[in-house]
Amino acid sequence: MSKTVIKNPVNNKAYIITGPTSGIGKATAFELAKYGTLVLVGRNQKKLDEINRIITQRGQHAVSVVCDLSDLVSVRRAASEIIALGLPITGLLNNAGISPIKPAKSPQGWDLTFATNYLGPFALTEALIPHLPDGANVVFIASAVEDPERKPVKALGMKGGRYISVEASARGEWKPEGTKIPGADAYATSKQCVLAASMAFTREIPRLHFNAIEPGITPGTGLGGDANVVLRFLFGQVLTAFPPFRQYRSTPERAAQVITKVIIDDTGKTGIYYNEKGQPMIGSQLVQDTKFQDRVVAETRAFLANA
Ligand SMILES: NC(=O)c1ccc[n+]([C@@H]2O[C@H](COP(=O)([O-])OP(=O)(O)OC[C@H]3O[C@@H](n4cnc5c(N)ncnc54)[C@H](OP(=O)(O)O)[C@@H]3O)[C@@H](O)[C@H]2O)c1
């Protein structure tokens with residue numbers, strides 16, 4: 001944890017942001033720092049220090065907490081460090097995420113994508129919830145790739161979230177007949193669970209406000225960084241210039257505006273899934289099913305309790 005002690009948080013508000021060191025999270029950190037003190041949560045101390053330095057140089061405030069979201073031990077330690085800061089947390093932004101094409105394992109031996117995108121953020125959120133004041137906002141960065149019926153998802157030959165169970169996902173197993181795109185079933189399933197959990201939390205914990213955001217197709221970030229450079233360029237800069245992708249295209253800066261508006265909102269909005277323009281959208285049919293949402297959350301709690 002950074003040694004900085006913040007006695008008077010900006011506006012008496014503090015926001016936790018995961019993944020502030022790259023892409024959408026970095027742009028959002030710079031935007032959000034205008035509205036309160038930031039708790040920068042990331043896995044790389046040097047990168048956190050650099051973001052912290054820029055924010056401080058602008059006369060704003062931040063404190064860094066090192067956390068590898070794929071590692072449950074690190075997540076639990078980070079949650080304790082954040083709580084010990086004693087800051088008036090107004091919002092928690094679960095932004096960090098990965099989409100590798102090669103499967104890999106987390107420190108606990110779980111599918112790395114599922115652990116980083118879902119299990120870690122879920123554990124962090126649950127550890128922090130009792131310490132959040134009434135009315136605090138919790139925002140999850142989701143992805144529309146969880147919805148198999150969405151046009152761009154179909155156009156790419158992706159099949160949406162492939163949930164079997166939390167245990168199966170942790171083992172890296174997805175519902176059969178998924179996509180041929182490497183890594184995409186893992187990514188879509190992790191985001192399916194993120195959205196389902198966000199919606200379940202909304203019903204379960206009315207004293208807090210839970211919302212999710214699809215930030216738009218945002219080329220040029222670090223996402224999918226292990227993919228072939230030519231393929232990344234073709235998808236990011238060429239393919240997304242045409243329908244059915246073009247209308248969903250965004251930039252980290254535009255996404256940051258939408259996300260910041262949602263996380264600083266103090267009008268009590270909850271249970272909304274926003275699109276890249278900040279308009280409400282709907283998730284897949286399965287994710288909208290409250291029984292599915294509750295099942296995902298119950299299985300996750302049981303799984304993490306035994307971890
Ligand atoms: N880009 C898009 O088109 C798009 C579309 C829909 C949804 N999203 C979602 O938007 C969010 C941000 O993605 P992005 O495009 O901005 O990607 P990015 O540039 O790769 O940023 C990802 C961030 O997550 C952090 N991170 C990765 N693994 C981590 C771990 N184990 N522990 C802690 N932090 C970790 C990264 O830290 P390092 O800097 O240390 O790598 C980085 O700060 C993700 O949730 C992604 O799924 C993106």
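Values reported hereafter were calculated over all heavy atoms of this structure, with side chains retained and with hydrogens, waters and symmetry mates removed. The residues of the chain are indexed from 1 along the displayed sequence. Just so you know, ligand 1 is whichever comes first in the structure, and atom 1 is the first atom listed for that ligand.
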For the residue pair Val75 and Cys67, establish whether any side-chain heavy-atom pair is separated by less than 4.5 Å.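 In contact.
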Under a plain distance cut-off of 3.5 Å, with no hydrogens placed, do [Y] and [X] share a side-chain donor-acceptor pair?
| X | Y | answer |
| --- | --- | --- |
| Asp294 | Thr290 | no |
| Thr300 | Tyr118 | yes |
| Thr18 | Asn95 | no |
| Ser74 | Asp68 | no |
| Gln293 | Arg203 | yes |
| Glu146 | Ser284 | yes |

Do the side chains of Arg295 and Glu299 get close enough for a salt bridge, i.e. N-O under 4.0 angstrom?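 Counted as a salt bridge, because a side-chain N and a carboxylate O are separated by less than 4.0 Å.
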Closest approach of any protein heavy atom to [atom], naming residue and atom:
| atom | value |
| --- | --- |
| atom 45 (O) of ligand 1 | Asn95 O, 2.7 Å |
| atom 34 (N) of ligand 1 | Ala96 CB, 3.8 Å |
| atom 47 (O) of ligand 1 | Tyr187 OH, 2.5 Å |
| atom 5 (C) of ligand 1 | Gly216 O, 3.3 Å |
| atom 1 (N) of ligand 1 | Thr218 O, 3.2 Å |

Is [X] close enough to touch ligand 1? Criterion: a residue heavy atom under 4.0 Å from a ligand atom.
| X | value |
| --- | --- |
| Ala115 | no |
| Thr18 | no |
| Lys191 | yes |

Which of the ligand 1 atoms, numbered from 1, are nearer than 4.0 Å to a heavy atom of [X]:
| X | result |
| --- | --- |
| Ile141 | 9 (C), 10 (O), 11 (C) |
| Gly23 | 16 (O), 19 (O) |
| Cys67 | 32 (N), 33 (C) |
| Thr116 | 28 (N), 29 (C), 30 (C), 31 (N) |
| Ile217 | 3 (O) |
| Asp68 | 30 (C), 31 (N), 32 (N) |

Could you tell me whether Pro219 approaches ligand 1 through its side chain, its backbone, both or neither, with non-hydrogen atoms closer than 4.0 Å?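 None of Pro219 does.
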At under 4.0 Å between heavy atoms, is it the side chain or the backbone of Ser99 that contacts ligand 1, or both, or neither?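 No part of Ser99 is near ligand 1 at this cut-off.
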Report yes if [X] has an N/O atom closer than 3.5 Å to an N/O atom of ligand 1; otherwise report no.
| X | value |
| --- | --- |
| Glu214 | no |
| Leu223 | yes |
| Ser143 | no |
| Gly42 | no |
| Thr21 | yes |
| Leu69 | yes |
| Ile98 | no |
| Gly19 | yes |

Could you list the residues that satisfy ring-ring contact (aromatic ring centres under 6.0 Å, His included) with Tyr15, not counting sequence neighbours?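 With sequence neighbours excluded, Tyr15 shows a ring-ring contact (aromatic ring centres under 6.0 Å, His included) to no residue whatsoever.
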Tell me, please, which residues at least two apart from Tyr273 pass ring-ring contact (aromatic ring centres under 6.0 Å, His included).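 Result, ring-ring contact (aromatic ring centres under 6.0 Å, His included) vs Tyr273: none returned.
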Side chain to side chain contact (heavy atoms under 4.5 Å, CB included) assessment of Val138 paired with Asn94: CA-CA 8 Å; Val138 179; Asn94 285 299; 4.1 Å; yes
Quick one: does NZ or CZ of Arg150 land under 6.0 Å from the six-membered ring centre of Tyr248, within 45 degrees of the ring axis?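 Relative to the ring axis of Tyr248, which defines the angle, Arg150 lies inside both limits.
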Checking Arg58 against Phe30: charged group under 6.0 Å from the ring centre and within 45 degrees of the axis?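 Judged by the rule, Arg58 and Phe30 form a cation-pi pair.
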Heavy-atom nearest neighbour of [atom] within options [options]:
| atom | options | answer |
| --- | --- | --- |
| atom 41 (O) of ligand 1 | Arg249, Lys46, Arg43 | Arg43 |
| atom 18 (P) of ligand 1 | Gly224, Ser74, Ser22 | Ser22 |
| atom 6 (C) of ligand 1 | Pro100, Ser70, Pro252, Pro215 | Pro215 |
| atom 7 (C) of ligand 1 | Gly97, Gly120, Ala142, Ser250 | Ala142 |
| atom 15 (O) of ligand 1 | Asn94, Asn44, Thr221 | Thr221 |

Side chain to side chain contact (heavy atoms under 4.5 Å, CB included) with Ile17: which of Ile263, Val139, Val41, Leu93?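 Single pass found, and it is Leu93.
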Of Glu173, Gln192, Lys175, the residue whose pairing with Arg162 passes side chain to side chain contact (heavy atoms under 4.5 Å, CB included):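 With Arg162 as partner, Glu173, Gln192, Lys175 yield a single side chain to side chain contact (heavy atoms under 4.5 Å, CB included), made by Lys175.
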Can you say whether the rings of Phe201 and Phe140 are parallel (under 30°), tilted (30 to 60°) or perpendicular (over 60°)?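 Parallel: the ring planes of Phe201 and Phe140 meet at under 30°.
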